[in-house]
Structure formats: structure tokens, C-alpha cells
Amino acid sequence: MIVRKGSASWRGDLKNGKGTVSTGSGALADQPYGFNTRFEDKQGTNPEELIGAAHAGCFSMALALNITEEGFVAEHIDTVAEVKLEKSADGFSITEVQLKVSAAVPGMDKETFERLAAKTKEGCPVSKVLNAKINLATEFNT
């Protein structure tokens with residue numbers, strides 16, 4: 001079993017308060033976030049972009065594994081995850097993630113790549129934990 005840790009600290013009310021997030025590895029240390037970074041596009045991070053980065057990283061690595069298991073090596077895999085946060089009657093929810101992957105895999109055909117990308121979308125550990133619709137767009141170069 002592998003255990004990873006993230007932490008957050010918050011001070012104050014929702015609109016005027018300030019927080020920080022950190023990762024156990026130290027890659028993020030006391031990174032600021034707040035209402036304005038989450039809802040107003042101000043400088044700093046927010047939970048949704050962190051989920052997007054985690055999903056894109058997980059998907060890219062899992063796709064590399066699936067490509068390797070088919071006997072190929074990716075020249076590059078670049079993934080962007082756009083995380084949609086929406087307000088509903090019962091509060092805010094992450095409703096959708098749009099994964100956009102661009103890759104080059106010498107010797108592989110487009111159909112095999114798209115099959116592996118779809119398999120990866122379903123099998124990626126971060127995809128499995130999200131209670132959201134996950135869409136996938138692919139761009140493939142041989």
C-alpha cells in the first residue's frame with residue numbers, strides 16, 4: 001500500500017479568509033489559496049486545479065503503462081484536465097472533467113491509441129475516485 005499526504009490550513013471566514021496547501025513531498029509548501037483564487041481567478045491555487053493536475057499526471061502515467069504493455073514507447077504524452085465546478089441547489093460540485101491528451105507513439109496506429117486512451121480514462125486511479133463525468137479528447141501523431 002502507498003500512502004501520500006496533502007494538508008491545508010485556513011484562517012478566517014469564507015470570503016476574506018486565507019489558506020495554504022502543502023504536499024507531504026514538499027513540492028507544494030504553504031501555497032496560498034482563498035476565495036479569490038478559487039472563484040475570481042486571482043493569483044494562487046485552488047482545489048480544482050490541484051485535482052486537474054493530479055488527474056492529468058495520473059492519466060499520462062497510466063497511458064504510458066498501457067502503451068508499454070502493447071509493446072510501444074511514447075515519444076510524448078501531454079495531458080490537460082479541465083475541471084468544472086458548478087453550483088447547484090445543494091452546493092458546489094465537480095461535475096465534469098475534460099481530459100485532452102496529445103501524444104506521439106512511433107509505430108502505433110491511431111485506433112490502438114484511442115482504444116488505450118479510453119481504457120486509461122476508465123482505469124486511471126484518479127478517474128476512479130472522481131464522481132464526475134469524464135470526457136476524453138485525443139490528438140495522436142505517429
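Given the structure is predicted, the values throughout are model-derived calculations rather than measurements.
Put simply, the side chain of Lys18 does not reach to within 4.5 Å of the side chain of Pro32, judged on heavy atoms. At a threshold of 4.5 Å between non-hydrogen side-chain atoms, the residues His76 and Ser102 count as touching. Put simply, the side chain of Val97 reaches to within 4.5 Å of the side chain of Leu99, judged on heavy atoms. Looking only at side-chain heavy atoms (C-beta outward), Leu65 and Glu69 come within less than 4.5 Å of each other. A heavy-atom distance below 4.5 Å is found between the side chains of Leu130 and His55.
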Step by step, would you call Val101 with Thr120 a side chain to side chain contact (heavy atoms under 4.5 Å, CB included)? CA-CA 11 Å; Val101 62; Thr120 303; over 6 Å; no

Test side-chain hydrogen bond (donor to acceptor under 3.5 Å, both in side chains) on Thr45 and Gln31; report intermediate values, then the result. CA-CA 7 Å; Thr45 192; Gln31 177 65 42; 5.9 Å; no

With side chain to side chain contact (heavy atoms under 4.5 Å, CB included) as the test, would you mind laying out the steps for Lys84 and Gln98 before giving the verdict? CA-CA 8 Å; Lys84 186 182 285 187; Gln98 176 67 49; over 6 Å; no

Decide yes or no on side chain to side chain contact (heavy atoms under 4.5 Å, CB included) for Met61 and Cys124, but give the supporting numbers first. CA-CA 9 Å; Met61 289 181 74; Cys124 163; over 6 Å; no

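For Gln43, the CD atom is loosely surrounded, since the number of other residues' heavy atoms within 6.0 Å does not exceed 12. Counting non-hydrogen atoms of other residues, nucleotides and ligands closer than 6.0 Å to CG of Asp41 gives a total of 12 or fewer.
To the nearest 0.5 Å, atom NZ of residue Lys15 and atom CG of residue Asp13 are 9.5 Å apart. Atoms OG1 and NZ, on Thr138 and Lys100 in that order, are 12.5 Å from each other to the nearest 0.5 Å. Rounded to the nearest 0.5 Å, atoms OG1 (Thr23) and CG (Leu50) are 9.5 Å apart. With rounding to the nearest 0.5 angstrom, the OG atom of Ser25 is 11.0 Å from the NZ atom of Lys5. If you take CG on Asn141 and NZ on Lys110, they are separated by 9.5 Å, rounding to the nearest 0.5 Å. Within the model, atoms NZ of Lys119 and CG of Leu63 stand 10.5 Å from one another, a figure rounded to the nearest 0.5 Å.
Phe39 and Tyr33 fall into different hydrophobic clusters, where Ile, Leu, Val, Met, Phe, Trp and Tyr residues are linked whenever their side-chain heavy atoms come under 4.5 Å apart, directly or through other members. Taken together through direct or relayed side-chain contacts under 4.5 Å among Ile, Leu, Val, Met, Phe, Trp and Tyr, Ile51 and Val21 form parts of separate hydrophobic clusters. Linking ILVMFWY residues whenever their side-chain heavy atoms come closer than 4.5 Å, directly or via other members, places Ile67 and Leu136 in the same cluster. Note: the hydrophobic cluster containing Phe59 also contains Val129 (ILVMFWY, side chain heavy atoms under 4.5 Å, direct or indirect links). A chain of hydrophobic side-chain contacts below 4.5 Å, direct or via other Ile, Leu, Val, Met, Phe, Trp or Tyr residues, connects Leu85 to Phe35.
The closest donor-acceptor contact from the side chain of Asp30 to the backbone of Thr20 lies at 3.5 Å or more, if one exists at all. Thr37 places a side-chain N or O within donor-acceptor distance of the main-chain N or O of Gly34, the cut-off being under 3.5 Å. Of the possible polar contacts, none joining the Ser127 side chain to the Glu122 backbone as a donor-acceptor pair under 3.5 Å is found.
Among all heavy-atom pairs drawn from Pro106 and Val73, the shortest one is CD-O, 3.5 Å. Of all non-hydrogen atoms in Asn46 and Arg38, the two that sit nearest each other are CB-CA, 3.8 Å. Nearest heavy-atom pair, Glu49 versus Gly44, reported as atom, atom and distance to 0.1 Å: OE2-O, 3.8 Å. Here the closest heavy-atom approach between residue Ile134 and residue Lys121 is recorded as O-NZ, 3.1 Å.
Classification of the Phe140-Phe113 ring pair by plane angle, with boundaries at 30° and 60°, yields parallel.
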